[in-house]
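Read through the structure below, which is laid out as structure tokens, and then see the notes.
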Amino acid sequence: MPQLLTVRVKRPDGRPIRIWVPVLPVVLVFSPVVVLAVLVAAVACLVYRVSAVRALGTGWRIVSALPGTRVDIEQGRTAVLVTIR
């Protein structure tokens, strides 16, 4: 499971902004929303006749594969780098 999300924004004036976001406290704060999303996903699995256990396993594999992911976005002189550790 990812532990830390690092966001670095390079502004047009050259001064970078760096933000570190620990994933676990954010997930704990948003846990009521996560529980609701899981319930909605379970209902969607029943409606579309998809195995809920298999869908949950696939979702967990995707989340487990996130560490090491880098996303770079550049627009003109502004750049955003997101790193998941």
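Numbering starts at 1 and runs along the sequence shown.
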Close side-chain approach of R18 to R8, heavy-atom, < 4.5 Å: yes

Are V29 and L36 connected in a single hydrophobic cluster, I mean Ile/Leu/Val/Met/Phe/Trp/Tyr linked by side-chain heavy atoms less than 4.5 Å apart? no

Looking at I84 and P2, what are the two nearest heavy atoms and their distance? CG2-CB, 3.5 Å

Working to the nearest 0.5 angstrom, can you tell me the gap between R77 CZ and K10 NZ? 10.5 Å

Keeping S51 on the side-chain end and R54 on the backbone end, is there a donor-acceptor pair under 3.5 Å? yes

Does the S64 side chain pair with the main chain of R61, one donor and one acceptor, at a distance under 3.5 Å? no

Give a yes or no on whether V43 and V34 share a hydrophobic cluster (residues Ile, Leu, Val, Met, Phe, Trp, Tyr; joining criterion: side-chain heavy atoms under 4.5 Å apart). no

Could you see if V7 belongs to whatever hydrophobic cluster contains V71? Use Ile, Leu, Val, Met, Phe, Trp, Tyr and a side-chain cutoff under 4.5 Å. yes

Verdict with supporting geometry, L56 and V53, side-chain contact (heavy atoms from CB on, under 4.5 Å): CA-CA 5 Å; L56 182 63; V53 174; 5.8 Å; no

What residue among D72, L5, I19 forms side chain to side chain contact (heavy atoms under 4.5 Å, CB included) with V82? L5

Quick check: is V9 connected to I73 through a chain of hydrophobic side chains (ILVMFWY, heavy atoms under 4.5 Å apart)? yes

How about V21 and V26: do any of their side-chain heavy atoms sit closer than 4.5 Å? yes

Transitively linked via ILVMFWY side-chain contacts under 4.5 Å: V27 with W60? yes

side-chain contact (heavy atoms from CB on, under 4.5 Å) assessment of T6 paired with R85: CA-CA 8 Å; T6 306; R85 296 181 191 175; 4.2 Å; yes

Assess the residue pair V23 and Q3 against the criterion (side-chain contact (heavy atoms from CB on, under 4.5 Å)); give the C-alpha distance rounded to whole Å, side-chain angles, the decisive distance to 0.1 Å, and a yes or no. CA-CA 5 Å; V23 174; Q3 301 290 324; 6.0 Å; no

